[in-house]
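Below is one structure, written out as structure tokens; comments come after it.
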Amino acid sequence: MTSPLLPVFARAELSFEKGEGPWLYNRDGERYLDFGAGIAVNALGHAHPHLVKTLTEQAAKVWHTSNLFQIPEGERLARRLVENTFADVVFFSNSGAEANEAAIKMARKYHAAGGHPERFRIVTFEGAFHGRTLATIAAGGQAKYIEGFGPKVEGFDQVPFDDMEALKAAIGPETAALMIEPIQGEAGIRSVPNAFLKELRALCDQHGLLLIFDEIQTGVGRTGKLFAYEWTGVTPDIMSVAKGIGGGFPLGACLATAEASKGMTAGTHGTTFGGNPLAMAVGNAVLDVILEPGFLQNVERMGLLLKQRLAELKDRHPGVIAEVRGHGLMMGLRTIVPNTEFIAAARAQKLILIGAGDNVARLLPPLIITEADITEAFDRMDAACLAIEAELNATAQRGAAQ
Ligand SMILES: *Cc1c(COP(=O)(O)O)cnc(C)c1O
């Protein structure tokens, strides 16, 4: 039977009925260790008691009122984000792409409000992923997402990753902002060197540009800090957040300084669903856990441990794994065999990993994982590598016998 769903996703033949912590269970009761967390979304794992309680309590009160009214839980979540970041104000959306749309509009409006409407162009970086709306595919600049959808939205200039000369050449009198992921996720866990980010900040200050960080994947504790920019010594003017912030509830946010957001006055932007009481209650519940003393230190500790174990895995299987990348619990394995083959072998061991560019398998486990979960993941990846090696050996022997 063909599915009535628009076939834009290549889905695995697997569905899950329930989850608990880092585990997912299918209909047959088989359990999978989830080191994908719904693409860095289930920050607190599955069915976290505090999230379940908060969501069900709020569901019995009020779900949605629209932004025509005050939403105290939203005020509270915004205040907590402001108190824990560089930002002064927050706009809530339902997704990452919408958070980026808000960031892009804000950067353009900043210059328009300052008397320079001609400054609307945004420089982005090769390999970037900023979402799937018309503007954010143009921002990402990847032909595979742009082709066939009409003229590319005007105003985005891509430069090669980590190439200062190309960047300087791309900045002109129409440039409004630079936009970058501190660690590129979809491109294959590619970290931007801190020195490069510092130069971006200096260039922005020199030319009066805004610096936008897309922390949709890196944010909300993923790297062991609340936001990845805290590692870099660089502060953006605008930052987009999504994925982990709702712990699985659709939620995004665009954070900004008062200065960068000065053009965004009443009526300039909006959303029907964004920041509704149900989403805000869940967002606050996620922060309750992540901001608990010691939580982020534990993420950092687990990240270091995971990195060590991945290095060990690479040493044990040099014919399968080429490189370990990443920071905290945002890790990548660049494989020698096709990454899809490695991910399939891991799935055969009931471990969920996620593909990325550059032949990388991503590990984005829930932030609540323990040392025992890491050991379990290691053992499953070790078994997956052994299975791949056995297959490679069998193929080589068949070749030699011929
Ligand atoms: C996932 C992601 C997005 C898009 O988020 P959606 O919620 O899918 O719209 C944008 N930027 C980065 C860095 C992402 O990882």
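When side chains are defined from C-beta on, Arg201 counts as touching Asp237, because their heavy atoms get closer than 4.5 Å. Using a 4.5 Å heavy-atom threshold, the side chains of Met179 and Ile104 count as touching. Within the 4.5 Å cutoff, the side chain of Phe125 has heavy atoms near those of the Leu200 side chain. By the 4.5 Å heavy-atom criterion applied to side chains, Tyr25 and Lys18 are counted as neighbours. The shortest distance between side-chain heavy atoms of Asp214 and Ser240 falls below 4.5 Å. In this structure, the side chains of Leu203 and Leu209 stay at 4.5 Å or more apart for every pair of heavy atoms. Between Ile71 and Phe92 there is no side-chain heavy-atom pair separated by less than 4.5 Å. With a 4.5 Å cut-off on side-chain heavy atoms, Leu363 and Leu353 count as touching.
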Could you walk me through whether His48 and Val286 pass side chain to side chain contact (heavy atoms under 4.5 Å, CB included), step by step? CA-CA 9 Å; His48 190 285; Val286 171; over 6 Å; no
Could you please spell out the steps behind the side chain to side chain contact (heavy atoms under 4.5 Å, CB included) verdict for Val82 and Val90? CA-CA 8 Å; Val82 162; Val90 182; 4.0 Å; yes
For Gln217 and Arg222: C-alpha separation, side-chain torsions, deciding distance, then whether side chain to side chain contact (heavy atoms under 4.5 Å, CB included) applies. CA-CA 8 Å; Gln217 199 161 143; Arg222 181 58 45 197; 5.7 Å; no
For Asp288 and Arg80: C-alpha separation, side-chain torsions, deciding distance, then whether salt bridge (Lys or Arg N to Asp or Glu O under 4.0 Å) applies. CA-CA 10 Å; Asp288 288 344; Arg80 295 169 88 188; 2.8 Å; yes
Side chain to side chain contact (heavy atoms under 4.5 Å, CB included) between Tyr110 and Ile238, intermediate numbers included: CA-CA 11 Å; Tyr110 166 81; Ile238 302 175; over 6 Å; no
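Heavy atoms from other residues, nucleotides or ligands lying under 6.0 Å from NZ of Lys198 number more than 12. Other residues, nucleotides and ligands place more than 12 heavy atoms under 6.0 Å from the CD atom of Glu292. Other residues, nucleotides and ligands place more than 12 heavy atoms under 6.0 Å from the CD atom of Glu312. Around the CZ atom of Phe16, the shell of radius 6.0 Å holds more than 12 heavy atoms that belong to other residues, nucleotides or ligands. The local environment of CD in Gln70 is sparse, with at most 12 non-hydrogen atoms from other residues, nucleotides or ligands closer than 6.0 Å. In Glu118, the CD atom is crowded: over 12 heavy atoms of neighbouring residues, nucleotides or ligands sit closer than 6.0 Å.
Between the CD1 atom in Ile180 and the CD1 atom in Ile212 there is a gap of 11.5 Å [rounded to 0.5 Å]. For the atom pair CZ (Arg121) and NE2 (His111), the distance works out to 13.0 Å, reported to the nearest 0.5 Å. The structure places CZ of Arg119 at 7.5 Å from OG1 of Thr175, a figure rounded to the nearest 0.5 Å. Atom CG of Asn339 sits about 12.0 Å away from atom CD1 of Ile354, to the nearest 0.5 Å. A distance of 12.0 Å separates CG of Asn284 from CZ of Arg79, quoted to the nearest 0.5 Å. Rounded to the nearest 0.5 angstrom, Glu215 CD and Leu226 CG are separated by 9.0 Å.
Counting all heavy atoms, side chain and backbone alike, Phe35 lies closest to Asp373 at CZ-O, 3.9 Å. Ala177 approaches Ala107 most closely through the heavy-atom pair CB-CB, 3.9 Å. Here the closest heavy-atom approach between residue Ile137 and residue Gly131 is recorded as CG2-O, 3.6 Å. Listed here is the closest heavy atom pair of His50 and Ala285: CD2-O, 3.4 Å. Shown here for Ser93 and Ala253, the closest heavy-atom pair between the two residues is OG-N, 3.8 Å. When all heavy atoms of Gly127 and Ala187 are compared, the closest pair comes out as O-CB, 3.1 Å.
With respect to Ile290, the side-chain contact (heavy atoms from CB on, under 4.5 Å) criterion is satisfied by exactly one of Asn84, Ile368, Leu296, Ile245: Leu296. Each of Val360, Leu310, Leu333 was evaluated against Arg325; a single residue qualifies, Val360, per the side-chain contact (heavy atoms from CB on, under 4.5 Å) test.
In terms of modelled atom types and a separation under 3.5 Å, the side chain of Glu98 and the main chain of Ser95 share a donor-acceptor contact. Between the Asn26 side chain and the Glu30 main chain, a donor and an acceptor come within less than 3.5 Å of each other. A donor-acceptor pair under 3.5 Å links the side-chain atoms of Asn100 to the main chain of His130, judged by distance alone. Side-chain atoms of Arg108 come within 3.5 Å of backbone N or O of Phe120 as a donor-acceptor pair. Proximity of a side-chain donor or acceptor of Glu126 to a complementary backbone N or O of Asp162 within less than 3.5 Å is not detected. Between the side chain of Gln58 and the main chain of Val62, a donor-acceptor pair closer than 3.5 Å is present. With Ser261 contributing its side chain and Met264 its backbone, the two residues share no donor-acceptor pair below 3.5 Å. Of the possible donor and acceptor atoms, none in the side chain of Gln349 sits under 3.5 Å from a partner among the backbone N and O of Ala346. No donor-acceptor pair under 3.5 Å is formed between the side chain of Asn359 and the backbone N or O of Arg334.
Under 3.5 Å, the side chains of Thr133 and Thr136 contain a donor-acceptor pair of N or O atoms.
The residues Arg316 and Asp382 are annotated as salt-bridged, a charged nitrogen and a carboxylate oxygen being separated by less than 4.0 angstrom. Ion pair Lys262/Asp88 not flagged as a salt bridge, since none of the NZ, NE, NH1 or NH2 atoms sits closer than 4.0 Å to an Asp/Glu carboxylate oxygen. One finds no salt bridge joining Lys225 and Glu300 here, because no Lys/Arg side-chain nitrogen approaches an Asp/Glu carboxylate oxygen to under 4.0 Å. Using a 4.0 Å cut-off between charged nitrogen and carboxylate oxygen, Arg362 and Glu186 count as a salt-bridge pair. Between Glu376 and Arg380, at least one side-chain N (NZ, or NE/NH1/NH2) sits under 4.0 Å from a carboxylate O, which counts as a salt bridge.
Taking the six-membered ring where tryptophan is involved, the planes of His269 and Phe91 are tilted, since the angle between them lies from 30° to 60°. Using the six-membered ring where Trp is involved, Phe86 and Tyr229 have ring planes that are perpendicular, over 60° apart on the 30 and 60° scheme.
Stacking of Arg347 on the aromatic ring of Tyr32 is not recorded, the 6.0 Å distance cut-off and the 45° axial limit not both being met.
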